[in-house]
> 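Provided herewith is a single structure, encoded as structure tokens, for subsequent inquiry.
FYI, side chains are in, hydrogens and waters are out, and symmetry mates aren't considered; it's all heavy atoms of this structure.
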Amino acid sequence: MSAEATPARAEIGLEDIVVTATRREERLQNIPVAVTALTSEAIESSGVQDVRSLTQVVPGFFGGKNIGLFLPVIRGVGSSSVSAADEANVATYIDGVYQPDPYSTFVDLAEVERVEVLRGPQGTVFGRNATGGLINVITPDPSFDLRGNISARYGRLRNDASDVDAKAYITGGLTETLAADLSVVYRKTDDYITDLVRGGNLGGNRIFNLRGKLLWEASDAARFVLTAEYADQDGSTNTTQPFNGNTAGRRFTGAIVPTKAWQSSADTVPVLDFKRFNLALRTRFDLGSVNLETTTGYMHTRTVQVTDSDASNIFLGVVSANEPNINTKSLSQEIRLLSTEPGPFQWLIGLYGFSLDSESGLRILSQPAGPGTVQSSTSLNPTLKTESYSGFGEGTYRLVPQLFLTLGVRYTWEQRKFEQIANGINLFGEASRSFDKVTYRGALRYEFADSANIYATYGTGYKSGVYNFTSTTPTPVDPETIDAYEIGLKVDPLSWLRMNISTYYYDYQNLQVVARAPAGNTFILQNAASAEIYGGEIELTAAVTRHLKVRASAAYTHSAYKDFPNAQGFVPLPIGGNSSVSEDASGNQLTRSPESSLALGVVWNKELANGTFGVAGNVYHSSRVYFDFANRFSQKPYTLVSGELSYTTSNANWRFTLWATNLTNQQVYREIRNGPLTTDVTYESPRRVGVGASYRF
């Protein structure tokens with residue numbers, strides 16, 4: 001939602017942005033938090049389609065993905081979880097509702113008002129598992145005025161694969177007090193990864209997303225918004241191939257080893273399907289000097305996954321979550337009371353409750369000695385439960401006309417339960433452990449000019465201990481904590497220029513990290529003792545002329561394990577596969593955390609007689625990214641380029657585009673995984689080129 005721009009800014013197009021990063025609506029430039037806020041126009045022009053794509057436009061952000069799980073990283077802080085009940089420590093929200101299941105947080109950006117990415121621990125007003133920060137996707141509420149849009153894009157990528165993306169949105173009033181909206185997304189990418197075993201291709205995906213809201217303006221003092229969403233994804237995006245040909249399968253006669261990017265020789269066809277149902281209710285009551293707000297969220301997800309263990313055509317093992325699949329349900333409830341009267345003191349207090357139940361059916365087939373030898377089969381049926389309650393408060397007091405002090409605190413109590421059934425035998429009954437923690441935050445902000453302020457903050461973050469869902473022992477890892485110091489500057493030095501700068505230092509303790517087990521197809525979950533992270537970001541937004549807008553950012557992140565003496569590692573064997581080692585990773589760079597990144601986005605428009613011609617481009621450059629504790633396996637520095645040519649009719653109803661993503665067809669590793677049988681990789685998508693059209697009414 002954009003605030004009304006001043007006349008000078010309106011003339012050249014630089015506008016204020018109002019965000020809800022503090023759980024109340026405030027100007028982006030006025031809050032002492034490092035936030036990147038992208039409006040729908042900025043998202044469209046940069047080619048961003050889902051939350052993972054934010055990597056290319058948000059400084060300090062990396063949209064990691066491990067096969068079927070979304071593992072975002074902000075400023076070096078991120079999860080390596082493989083469990084449905086081990087939520088990422090960079091939280092994802094939709095309209096302020098927490099999305100706990102990492103298997104289904106690939107949020108498709110359909111009809112979006114804006115996206116806010118908060119950097120640094122949000123341990124007070126958000127709190128839950130926001131050790132590194134959070135992503136908040138805000139969709140528009142229904143309007144009483146009839147409006148809508150429909151759009152379609154068609155593209156091509158390698159192996160003559162098609163890419164289809166269709167969206168529709170409509171909103172309008174039903175009565176004087178009721179309004180509704182409906183958005184639909186259908187996206188289908190054909191298989192484009194060459195299948196060297198069966199012929200044809202793999203790696204495609206189909207997504208269907210249906211989302212609707214009902215708004216009831218019961219009175220001037222009462223507002224209700226009910227949201228329902230259904231998402232269905234089917235495909236084989238978890239298709240892997242050996243990294244540099246490293247697979248134990250190559251030891252055997254008849255082995256097929258890929259030699260180029262976007263090839264596969266898996267003996268088992270990979271599967272990654274999920275279905276998600278969300279239901280949310282948001283309310284707001286105007287009680288005079290305060291507002292009472294509530295947020296209720298329910299999520300139910302079902303995930304099916306089948307992955308080859310050695311990434312070769314020789315059967316050495318497979319892991320499947322098929323029947324039964326990964327089934328997760330969660331319920332959250334938040335109640336907030338906020339001050340609304342003008343004055344030197346603004347405050348909010350709240351209560352939060354959360355529960356999650358997850359059941360998984362894992363079948364692990366192993367034949368490590370190769371064809372014709374003994375095959376073993378193990379079934380794991382873990383059940384994990386989480387129950388959490390917290391209370392929080394935060395207030396801002398104006399000490400003098402230009403100086404503001406913010407203090408916040410949150411208390412969290414959490415209980416985790418774990419039960420493991422292996423081959424039909426309950427190994428230890430129900431294990432249970434409780435955790436509690438007080439997190440807090442302080443900020444001092446000084447407005448040294450009408451459009452400039454400097455701030456300093458200290459805050460803490462926390463994630464409770466968790467269980468390893470592939471473990472056969474009832475022992476959780478310890479909680480992880482973070483102490484964060486930050487100094488920032490937000491300034492509009494000219495009417496057409498905005499500049500935000502932040503620098504920070506983190507003391508990160510008991511990192512929860514995941515690696516493949518030394519043998520078999522399970523995982524180990526351990527604590528890395530400590531890490532040190534420091535760096536900074538700069539963001540520039542310039543409306544250079546009425547026709548030209550530029551957005552640029554840069555980030556530097558020094559992230560290193562201070563003390564990690566017993567890291568699980570793997571060393572490639574000459575005959576293929578890996579040897580398991582325990583090694584000291586102290587001093588090494590954190591995984592999925594590039595030291596530096598740069599982004600540049602440009603939008604230029606030229607008015608013609610019957611419409612407007614537009615050119616938009618986005619360039620993103622990343623330094624080297626490591627994917628293992630020993631820094632042995634990495635993606636070298638790379639650059640991604642996307643762009644769009646557009647024509648918009650004079651009445652702004654029709655828009656036609658010619659677009660491209662990964663224009664230079666860079667071969668970028670999305671993930672590198674190590675295990676005893678292989679080091680395998682998945683690639684980001686190759687070049688896509690296509691056309692599009694949209695109509696607004």
Side-chain angles (χ1 to χ4, degrees), residues 1-6 15-33 35 37 93 95-97 113-114 116 118 122-127 136 138 140-141 143-144 177 215-225 281-296 333-352 390-411 439-457 459 488 490 492:
M1 179 173 63
S2 299
E4 192 171 314
T6 63
E15 60 184 7
D16 286 336
I17 299 176
V18 173
V19 297
T20 54
T22 58
R23 288 292 196 182
R24 64 168 73 238
E25 293 186 350
E26 294 185 89
R27 287 186 65 242
L28 171 67
Q29 295 302 96
N30 285 350
I31 60 173
V33 180
V35 183
Y93 286 76
D95 293 328
V97 180
E113 190 172 285
R114 69 183 181 278
E116 302 171 8
L118 283 63
Q122 308 300 314
T124 54
V125 295
F126 284 96
N136 195 9
I138 293 94
D141 285 340
S143 169
F144 286 92
T177 59
L215 166 65
W216 180 31
E217 297 277 9
S219 67
D220 292 340
R223 190 174 194 268
F224 303 80
V225 179
L281 176 65
R282 293 182 291 118
T283 71
R284 186 176 67 197
F285 303 94
D286 185 349
L287 305 180
S289 60
V290 298
N291 277 353
L292 174 65
E293 299 178 353
T294 72
T295 303
T296 307
Q333 176 66 63
E334 184 171 79
I335 302 172
R336 299 180 300 275
L337 199 64
L338 301 83
S339 63
T340 58
E341 294 293 326
F345 183 53
Q346 298 295 318
W347 54 268
L348 69 86
I349 57 175
L351 297 172
Y352 181 78
S390 59
F392 59 91
E394 186 169 277
T396 298
Y397 185 74
R398 187 174 65 238
L399 301 174
V400 295
Q402 287 81 36
L403 185 63
F404 300 82
L405 174 65
T406 298
L407 296 174
V409 65
R410 188 184 191 103
Y411 171 76
T439 52
Y440 43 89
R441 176 177 179 266
L444 198 62
R445 178 172 65 91
Y446 178 65
E447 291 185 355
F448 58 90
D450 290 340
S451 57
N453 70 80
I454 188 171
Y455 66 87
T457 68
K490 295 186 176 184
D492 295 356

> Under 3.5 Å, is there a donor-acceptor pair between the side chain of Glu293 and the main chain of Leu338?
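It does not hold such a pair.
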
> Are Arg410 and Tyr352 in a cation-pi contact, defined as NZ or CZ under 6.0 Å from the six-membered ring centre and within 45° of the axis?
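Yes - Arg410 lies over the ring of Tyr352, closer than 6.0 Å to its centre and within 45° of its axis.
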
> Search all heavy atoms of Ala21 against all heavy atoms of Ile31 and return the closest pair with its distance.
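In this case the closest contact between Ala21 and Ile31 is CB-CD1, 3.8 Å.
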
> Tell me, do Phe404 and Gln346 make a side-chain contact under 4.5 Å, heavy atoms counted?
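Side chain of Phe404 against side chain of Gln346, heavy atoms only: no contact under 4.5 Å found.
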
> Check for a donor-acceptor pair, side chain of Lys490 on one end and backbone N or O of Pro32 on the other, with a separation under 3.5 Å.
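No, because the side chain of Lys490 does not come within donor-acceptor range (under 3.5 Å) of the backbone of Pro32.
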
> Are Leu444 and Leu403 close enough that some pair of their side-chain heavy atoms sits under 4.5 Å apart?
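Yes; the side chains approach each other to less than 4.5 Å.
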
> Hey, mind stepping through Glu217 and Thr177 against side chain to side chain donor-acceptor pair (under 3.5 Å) and telling me if it holds?
CA-CA 5 Å; Glu217 297 277 9; Thr177 59; over 6 Å; no

> Any donor and acceptor pair, going by atom type alone, linking the side chain of Thr124 with main-chain N or O of Gly408 inside 3.5 Å?
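No: the side chain of Thr124 does not pair with the backbone of Gly408.
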
> Please confirm whether Arg445 makes a cation-pi placement over Tyr455, using NZ or CZ under 6.0 Å from the six-membered ring centre and within 45° of the ring normal.
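Judged by the rule, Arg445 and Tyr455 form no cation-pi pair.
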
> So do the side chains of Glu26 and Thr396 get within less than 4.5 Å of each other, counting heavy atoms only?
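No, every pair of side-chain atoms sits at 4.5 Å or beyond.
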
> Measure from the side-chain N and O atoms of Asn453 to the backbone N and O of Asn30, and report whether any donor-acceptor pair falls under 3.5 Å.
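Not a single qualifying donor-acceptor pair exists.
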
> Could you check whether any side-chain N or O of Arg24 sits under 3.5 Å from a backbone N or O of Trp347, counting only pairs where one atom can act as donor and the other as acceptor?
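Present.
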
> Using a 3.5 Å distance criterion without hydrogens, assess whether the side chain of Ser289 forms a donor-acceptor pair with backbone atoms of Ser339.
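No; zero donor-acceptor contacts below 3.5 Å.
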
> Which pairs pass salt bridge (charged side-chain N to carboxylate O under 4.0 Å, His left out) with one or both residues in residues 282-291, sequence neighbours excluded?
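Residue pairs with at least one partner in residues 282-291: Asp141-Arg282.
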
> In terms of relative ring orientation, are Phe345 and Tyr397 parallel, tilted or perpendicular, with 30° and 60° separating the classes?
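Rings of Phe345 and Tyr397: tilted, as their planes differ by 30° to 60°.
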
> Can you list everything that forms a side-chain hydrogen bond (donor to acceptor under 3.5 Å, both in side chains) with Gln402? Sequence neighbours excluded, please.
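In terms of side-chain hydrogen bond (donor to acceptor under 3.5 Å, both in side chains), with neighbours along the sequence ignored, Gln402 is linked to no residue.
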
